[in-house]
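Please read the structure below before turning to the comments.
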Amino acid sequence: MLPAEPAAQREVLREAVGWLVEHVDQPQVLAARCAELGPVVAQLGVVPQRLDNLAVLFVDMLRANPPGVPVRRDQEEAWATTGRLVARWLADGAAAAAHEPVSWSAPVLAHERRGQVGAELRVRTYLPYPCLPGQLAVVESALLPGRWRHCWAVPDPAAGNVVELHVVPHGIDPVGAALVERTAAGDVLRLRPVYGPPAADPMSARPLLVVAGRDAVAPVRALLGMLRATGDPRAVTVFWPAAVERDLYRLADVAAEGTVVIRGRFPAGHDEDWTGHDAFVADEPAAVAQVRARVVAAGVPEDRVRVAAG
């Protein structure tokens with residue numbers, strides 16, 4: 001469950017062990033926080049029986065940690081006891097997952113405005129947040145507790161449990177406005193499991209038609225980056241209605257060689273036959289149904305069109 005990148009591993013472990021040491025004399029705080037992590041641990045597929053090994057593994061890690069500072073017997077026993085308590089509280093929280101929504105704590109690492117109304121937030125979850133290009137994160141700001149919003153989610157596996165959230169408010173959108181205008185690095189968001197299918201079927205070898213709205217570049221950028229990183233050989237055609245000066249994300253920089261990027265809307269009555277393609281449509285909620293209908297009319301079977309509205 002730790003990030004793959006070594007520096008990120010050290011950072012997460014340092015924060016976790018440091019927090020444990022600071023609060024080890026406050027069992028009520030430890031119990032509450034571990035119980036919060038329990039549902040996420042269960043969501044990620046860890047069975048309670050495996051948690052019983054945490055105490056032993058934790059002591060082994062301390063003993064093996066360079067420069068190998070000797071750990072006294074009483075210290076080992078103290079850490080083993082703490083580890084057993086942590087495992088028990090995690091298991092209690094996991095048992096409650098059937099009755100309570102699962103959520104991840106996500107401290108904001110960076111907040112950057114995108115254009116006049118949008119923003120990109122980089123957040124890091126302490127435990128992995130399963131997310132694929134095209135899926136939407138379900139986000140709550142502490143400024144508006146209990147109110148959730150779908151945001152474009154762009155995973156960044158190389159950075160270690162880091163997810164980019166791309167927000168463009170539409171109409172009356174208090175949560176979107178709070179994320180864009182009143183959120184800063186250091187704030188903590190909550191994320192629920194992602195919503196919707198991924199943009200592309202990983203088992204398909206058919207060429208891919210991608211149609212993105214003006215403010216839906218984030219999932220397309222994530223999709224193209226994933227296809228390039230995995231060496232996926234399928235042909236990709238992207239329709240994106242943005243002029244060069246609005247290319248905030250520079251799709252060409254992340255797309256694999258041969259990807260066709262057309263700067264324009266997918267037209268109604270298009271004379272090219274797209275029957276042999278899969279399709280992914282990303283747009284704002286008011287437009288995505290209309291775009292999907294045009295793609296189906298151009299020949300892509302309905303069951304091979306995936307959509308996301310954010």
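Since the structure is predicted, the reported quantities are computational estimates derived from the model, not experimental observations.
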Just wondering, do [Y] and [X] contact through their side chains at under 4.5 Å, heavy atoms?
X	Y	value
Arg206	His277	no
Val86	Leu20	yes
Val295	Arg292	no
Glu284	Arg214	no
Phe280	Pro198	no
Tyr129	Val40	no
Arg294	Val211	no
Pro130	Leu44	yes

Is the backbone N or O of [Y] less than 3.5 Å from a side-chain atom of [X], with the two atoms forming a donor-acceptor pair by type?
X	Y	answer
Arg234	Leu227	no
Trp89	Leu37	no
Arg33	Glu36	no
Gln135	Gly196	yes
Arg149	Val138	no

Counting only heavy atoms not in Arg113, do more than 12 fall under 6.0 Å of its CZ?
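More than 12 heavy atoms, drawn from other residues, nucleotides or ligands, come within 6.0 Å of this atom.
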Count the heavy atoms of every other residue, nucleotide or ligand shown that sit under 6.0 Å from CD of Gln28, and state whether that count exceeds 12.
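Enclosed.
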Smallest separation among heavy atoms of Pro267 and Phe239, with atom names:
CD-CE2, 4.1 Å
For the atom pair [atom1] ([X]) and [atom2] ([Y]), what is the distance rounded to the nearest 0.5 Å?
X	Y	atom1	atom2	answer
Leu30	Leu85	CG	CG	8.5 Å
Asn161	Cys131	CG	SG	11.5 Å
Arg122	His111	CZ	NE2	14.0 Å
Thr125	Leu189	OG1	CG	11.5 Å
Leu191	Trp148	CG	CH2	7.5 Å
Trp104	Leu127	CH2	CG	9.0 Å

Audit row: Gln290, Asp283, side chain to side chain contact (heavy atoms under 4.5 Å, CB included) steps and yes/no
CA-CA 10 Å; Gln290 296 177 359; Asp283 211 328; over 6 Å; no
Is there a donor in the side chain of Asp232 and an acceptor in the side chain of Thr230, or the other way round, less than 3.5 Å apart?
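No pair is found: no donor N or O on one side chain lies under 3.5 Å from an acceptor on the other.
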Under the criterion salt bridge (Lys or Arg N to Asp or Glu O under 4.0 Å), which of Arg124, Arg114, Arg221 is the partner of Glu164?
Arg221
Do [X] and [Y] share a hydrophobic cluster (ILVMFWY, side-chain heavy atoms under 4.5 Å, transitive)?
X	Y	value
Val154	Val167	no
Trp19	Leu109	no
Val102	Leu165	yes

Exactly one of Leu143, Asp173, Val139, Asp187 clears side chain to side chain contact (heavy atoms under 4.5 Å, CB included) with Leu179, and that residue is Val139
Among Val288, Leu209, Val210, find the one that has a side chain to side chain contact (heavy atoms under 4.5 Å, CB included) with Val281.
Val288
The complete set of side chain to side chain donor-acceptor pair (under 3.5 Å) pairs with one or both residues in residues 188-199, sequence neighbours excluded, reads Ser103-Arg190, Glu140-Arg190
Decide yes or no on side chain to side chain contact (heavy atoms under 4.5 Å, CB included) for Thr237 and Phe266, but give the supporting numbers first.
CA-CA 11 Å; Thr237 302; Phe266 188 79; over 6 Å; no
